[in-house]
Amino acid sequence: MPGAFCNARTTTRLVDVGVSAATAFGRHLEMKRGTPKASGDGSITANSACDTWEIWTMNEYVFQLYYQLPESEPDPEAWLDALFEAGCDDALVGVAVAGHTALDFTRQAQGPLAALRSAIDDVERAIPNGRLVCVGPDLLNLSELSALLSERLSKVSRQAMRKYATGDVRRIKTRFPSARVSGSTPLWHLDEVIKWMRHNGKFEPEMAESADALIELSAAIRTLNALDEYAASRAAYPDLAEQALDLARS
């Protein structure tokens, strides 16, 4: 992690990943260094081999960055050393699709935007001509929602998610959020689904803090994706983008 910790040992190994980037990018390489120790109150302390460091209160954020690689070097494996040296040693790196890579981060930071910013800076330092395509988790189908929520909050079956989405469930306060992408495989914004489930009592009370943290992260990711899409649209169609923005504001 850039500028924060001393680490004595490095390892590289092949891993299997279930949800997120693995579905699109298959094989991943995990690059891990020694991790800092956290005390009971969540503050971070320096390793014994390091000098004295400032103590921070850190949170852990799990997210994915999807990149298009430069045409001059489309092989994802060619960038592994550069990514490691740039500080992406806390990521699983997708290496199965030529021209693209996905980095599945587990990053410690003081907030979600700080985690996203530091990870993006690290990747862009390693791959200066790469293009950030999108950040996840954001838009997910019902199966992906079920898997992610079961992994990070509490068990939610795909059948239950389908019932929620179709309205085939009793004793709810509000309707399930509308899909943001329609078609044969609709997609929902993760933050909207979590907020709906919490508001309608689908999580145990002890999961409230974790649910709020995931809402905060996914809302930050959703906003970043929206701003990136607008910036790309404005660059390609400046007049049309401004007219569309005025229409959205009305």
Side-chain angles (χ1 to χ4, degrees), residues 1-3 20-21 23-25 59 61-76 78-79 82-83 86-88 90-94 97-107 109-141 144-145 148 177-183 185-195 213-250:
M1 199 164 299
S20 69
T23 57
F25 290 86
N59 300 304
Y61 299 96
V62 179
F63 56 91
Q64 298 81 43
L65 302 182
Y66 299 87
Y67 271 84
Q68 179 179 322
L69 298 173
E71 292 186 8
S72 59
E73 183 49 86
D75 181 4
W79 298 100
L83 288 166
C88 301
D90 55 350
L92 306 173
V93 183
V97 179
H100 295 82
T101 190
L103 295 98
D104 201 331
F105 279 91
T106 301
R107 176 149 294 204
Q110 292 177 293
L113 287 176
L116 294 168
R117 179 73 273 170
S118 67
I120 291 171
D121 286 347
D122 288 349
V123 176
E124 292 183 350
R125 186 163 57 253
I127 314 175
N129 295 319
R131 183 176 73 85
L132 179 63
V133 177
C134 64
V135 186
D138 181 14
L139 288 169
L140 303 175
N141 61 38
E144 292 167 334
L145 285 166
L148 187 146
S178 298
R180 293 297 176 164
V181 177
S182 59
T185 306
L187 303 177
W188 283 262
H189 282 301
L190 176 60
D191 64 302
E192 291 186 337
V193 172
I194 299 174
K195 286 193 290 186
L214 190 51
I215 290 171
E216 184 182 26
L217 173 63
S218 55
I221 290 171
R222 173 182 174 181
T223 303
L224 181 60
N225 283 331
L227 291 173
D228 186 63
E229 282 291 319
Y230 175 71
S233 177
R234 186 174 183 179
Y237 314 103
D239 294 338
L240 183 61
E242 289 300 320
Q243 294 176 35
L245 182 59
D246 290 339
L247 179 62
R249 288 171 172 167
S250 62

Any carboxylate oxygen within less than 4.0 angstrom of a Lys/Arg side-chain nitrogen, looking at D121 and R125? no
Passing option when C134 is tested against N225, I221, L65, L139 for side-chain contact (heavy atoms from CB on, under 4.5 Å): N225
Nearest heavy-atom neighbours spanning H100 and P76: O-CG, 3.3 Å
Output, in order, the C-alpha distance, side-chain angles, deciding distance and verdict of side-chain contact (heavy atoms from CB on, under 4.5 Å) for L224 and I120. CA-CA 11 Å; L224 181 60; I120 291 171; 3.8 Å; yes
Kindly indicate, with the supporting measurements, whether the criterion side-chain contact (heavy atoms from CB on, under 4.5 Å) is fulfilled by T101 and W79. CA-CA 10 Å; T101 190; W79 298 100; over 6 Å; no
Minimum-distance pair of heavy atoms, taken over all atoms of D122 and R107: OD2-NH1, 2.8 Å
Please give me the minimum heavy-atom distance between W188 and A179, naming the atom from each residue. NE1-N, 3.4 Å
Does some side-chain heavy atom of L187 sit less than 4.5 Å from a side-chain heavy atom of R180? no
Inspect the surroundings of OH in Y230 and state if more than 12 heavy atoms from other residues, nucleotides or ligands are less than 6.0 Å away. yes
Separation between OG of S233 and CG of D228, rounded to the nearest 0.5 Å: 11.0 Å
For the atom pair OG1 (T185) and CG (L140), what is the distance rounded to the nearest 0.5 Å? 12.5 Å
E229 side chain to A226 main-chain N or O, any donor-acceptor pair under 3.5 Å? no
Correct closest heavy-atom pair for L69 and P74 would be CD1-O, 3.5 Å
Please lay out, stage by stage, how L103 and C88 fare under the test side-chain contact (heavy atoms from CB on, under 4.5 Å). CA-CA 8 Å; L103 295 98; C88 301; 4.3 Å; yes
Among all residues two or more places apart in sequence or in another chain, which pass the ring-ring contact (aromatic ring centres under 6.0 Å, His included) test with Y61? none
Might you point out which heavy atoms bring S218 and L190 nearest each other, and give the distance in Å? CB-CD2, 3.8 Å
Run the side-chain contact (heavy atoms from CB on, under 4.5 Å) test on E144 and L148 for me, step by step, so that the C-alpha distance in whole Å, both residues' side-chain angles and the decisive distance to 0.1 Å come before the verdict. CA-CA 6 Å; E144 292 167 334; L148 187 146; over 6 Å; no
Just how far is it from atom CG of L240 to atom CG of L245, taken to the nearest 0.5 Å? 11.0 Å
One should read off an interatomic distance between R222 CZ and L227 CG, to the nearest 0.5 angstrom, of 11.5 Å
For V193 against L145, the heavy-atom pair lying closest together: CG2-CD1, 4.0 Å
